[in-house]
Amino acid sequence: MPPIPIEACIACRSPAAVRHSAGEAHRGGAARIELCRALSTGGLTPPDDHVRLARAAFPRPGVLVMIRPRAGGFAYSAPEIDRMRAAIEHAAEAGADGVVLGALKAGRIDEAATRTLTATAHERGLAVTFHRAFDAVPEAEAALEVLMAMGVERVLTSGTPWHSGAPALDGLDRLAALIGQAERRIEIVVGGGIGPENAARVLSALPPGRVSLHAYSSLVREGLTRADRVAALVRQAHTQPE
C-alpha cells in the first residue's frame, strides 16, 4: 500500500501554541500541516508570524495556510478577493508551501475568483487546496471538473453536505465516486471526523487514487496537537481492517 499523506490542522491560538503543535505534528510524521485561526468559525487566515513560527518548527515541505478573510459564507466581494490575494503573497513570504482557499457564487465554484487566487498562488510557487466550501456545492462532480481544469492540486471534502455535521464515514460513497472521477488528476483530501480509530476503515472503503487524510480534533489534547496521536494516525492510515 503506497504511503497515505496525513495532514494535521493546527489551531493558531498563540505563538507558543503554534510552535508546539507544528513541532509535534512534525515529530509524529505528518506530511503536511494546515494553519488556521478561529477554527470555531471554520478557519480564518492566521497571522504572518504564526506562519513563520510553524515553518521553523515543521522543516519539511508541507506548510499550508488558510486563506479566508472572514467567517460566514464563501461568496466574496472584489475587495475581499484583493485581501485574499495579499494574504497569499504574505503566506509565500512567510515560508508557506501552499494555501487553502475556496470561493463560491450562486451555489457553484466562483470560477473567476478561484482562477485569480489560484494564479496568484502558482505565481509564487504555492500549491492550492480548495477547502470544504466544496461540500457546499450541490453538483460536486461538475465542481471537481472545474477545479481540475484550473490546475488546483487538492480538494478537501468529507463527502457530506457542508454544515450537516456528518463525518466522512457517512460520505464514503460520494468520496469513492469523486476519487474515481479524479483519475489521479487531483488529490482528494478526506476530512471530517478522521482519526486513528477509523482511518483504516475509511481507506478500505475507497478506491485507489491520489488520497490523503486531514484531521484536527482527534490529534489534539487540551488544545494542542500531540505527536503520539499524529503517529497513531500515520500508522493506522497504512493498516487495513481484517
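Since this is a predicted model, take the numbers as computed values, not measurements.
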Are there more than 12 heavy atoms of other residues, nucleotides or ligands under 6.0 Å from atom CZ of Arg108?
-> no
Heavy atoms only: give me the nearest Thr225-Cys9 pair and the separation to one decimal.
-> OG1-O, 4.2 Å
Scan side-chain atoms only and decide if Arg154 and Ser212 contain a donor-acceptor pair under the 3.5 Å cut-off.
-> no
Partner set under salt bridge (charged side-chain N to carboxylate O under 4.0 Å, His left out) for Arg52, not counting sequence neighbours | none
Below 4.5 Å, heavy atoms only, C-beta onward: do Glu145 and Gln181 meet side chain to side chain?
-> yes
Cluster question for you: counting only ILVMFWY and a side-chain heavy-atom cut-off of under 4.5 Å, with indirect links fine, are Leu203 and Val189 together?
-> no
Applying salt bridge (charged side-chain N to carboxylate O under 4.0 Å, His left out) to Arg235 and not counting sequence neighbours gives none
In Å and rounded to the nearest 0.5 Å, what is the CE to CD1 distance from Met150 to Ile186?
-> 10.5 Å
With rounding to the nearest 0.5 Å, note down the distance linking OG1 in Thr114 to CG in Leu104.
-> 7.5 Å
Are Ile33 and Leu213 connected, step by step, through hydrophobic side chains (Ile, Leu, Val, Met, Phe, Trp, Tyr) whose heavy atoms are closer than 4.5 Å?
-> yes
Test applied, side chain to side chain contact (heavy atoms under 4.5 Å, CB included); reference residue, Glu153; option that passes from Arg185, His122, Met148 = His122
By side-chain hydrogen bond (donor to acceptor under 3.5 Å, both in side chains) - contacts of Arg55 (at least two apart) | Asp97
Who pairs with Arg19 by side-chain hydrogen bond (donor to acceptor under 3.5 Å, both in side chains), at least two apart in sequence or on another chain?
-> none
Do Leu147 and Val100 share a hydrophobic cluster, counting only Ile, Leu, Val, Met, Phe, Trp and Tyr and linking them when any side-chain heavy atoms are less than 4.5 Å apart?
-> no
Please list every donor-acceptor pair under 3.5 Å in which a side-chain atom of residues 44-51 meets a protein atom from a residue at least two apart or in another chain.
residue: Thr45; atom: OG1; partner: Met66; partner atom: O; Å: 3.3
residue: Thr45; atom: OG1; partner: Arg68; partner atom: N; Å: 2.8
residue: Thr45; atom: OG1; partner: Arg68; partner atom: O; Å: 3.2

Transitively linked via ILVMFWY side-chain contacts under 4.5 Å: Val202 with Leu178?
-> yes
Under a side-chain separation threshold of 4.5 Å, the hydrophobic residues clustered together with Val220 are Leu39, Tyr216
Not counting sequence neighbours, which residues clear side-chain hydrogen bond (donor to acceptor under 3.5 Å, both in side chains) with Arg229? List them please.
-> Glu197
Within-4.5 Å side-chain heavy-atom neighbours: Thr120 and Leu126 | no
Closest heavy-atom contact between Gly102 and Ala133?
-> CA-CB, 4.5 Å
Can you check whether Arg201's main-chain N or O pairs, donor with acceptor, with Ser204's side chain at less than 3.5 Å?
-> yes
Sequence neighbours excluded, the answer for ring pair (Phe, Tyr, Trp, His ring centres under 6.0 Å) partners of Phe58 is His26
What one should report as the nearest heavy-atom pair of Ser218 and Ala215 is OG-CB, 3.8 Å
Looking only at heavy atoms, the pair that brings Pro208 and Ile179 closest together is O-CG2, 3.7 Å
Which pairs, with at least one residue in residues 202-219 and sequence neighbours excluded, count as a salt bridge (charged side-chain N to carboxylate O under 4.0 Å, His left out)?
-> none
Rounded to the nearest 0.5 Å, how far does CD1 of Ile194 lie from CD of Glu7?
-> 12.0 Å
Do Val155 and Thr129 touch side chain to side chain, with heavy atoms closer than 4.5 Å?
-> no
Compute the ring centroids of Trp162 and Phe134, then answer whether they are less than 6.0 Å apart.
-> no
Is Thr116 close to Arg85 at the side-chain level, that is, under 4.5 Å between some pair of heavy atoms?
-> yes
Of all pairs that satisfy side-chain hydrogen bond (donor to acceptor under 3.5 Å, both in side chains), the ones with a partner from residues 131-140, not counting sequence neighbours | Arg132-Asp135, Arg132-Ser158, Asp135-Thr157, Asp135-Ser158
State, to 0.1 Å, how close Ala8 and Leu219 come at their nearest heavy-atom pair, and which atoms those are.
-> CB-CD1, 3.7 Å
What one should report as the nearest heavy-atom pair of Gly29 and Val230 is N-CG1, 4.2 Å
Measure the spacing between CG of Leu233 and CD1 of Ile6 and express it to the nearest 0.5 Å.
-> 4.0 Å
Atom CG in Leu64, atom CD in Glu34: separation rounded to 0.5 Å?
-> 6.5 Å
Please check if the side chain of Arg27 supplies one atom and the backbone of Ala30 the other of a donor-acceptor pair under 3.5 Å.
-> no
List the atom pairs, donor and acceptor, that lie under 3.5 Å between side-chain atoms in residues 164-176 and the rest of the protein, sequence neighbours left out.
residue: Ser164; atom: OG; partner: Pro161; partner atom: O; Å: 2.7
residue: Ser164; atom: OG; partner: Ala166; partner atom: N; Å: 3.1

What's the verdict on side-chain contact (heavy atoms from CB on, under 4.5 Å) for Tyr76 and Lys105, showing C-alpha distance, side-chain angles and the deciding distance?
-> CA-CA 8 Å; Tyr76 298 110; Lys105 185 176 182 180; over 6 Å; no
So CG of Asp110 and CD1 of Ile81: to nearest 0.5 Å the spacing works out to 6.5 Å
Hits for side-chain hydrogen bond (donor to acceptor under 3.5 Å, both in side chains) against Glu111, two or more places apart or cross-chain, chain-then-number order -> none
Same apolar cluster (I L V M F W Y, side chains within < 4.5 Å links), Ile10/Ile67 | yes
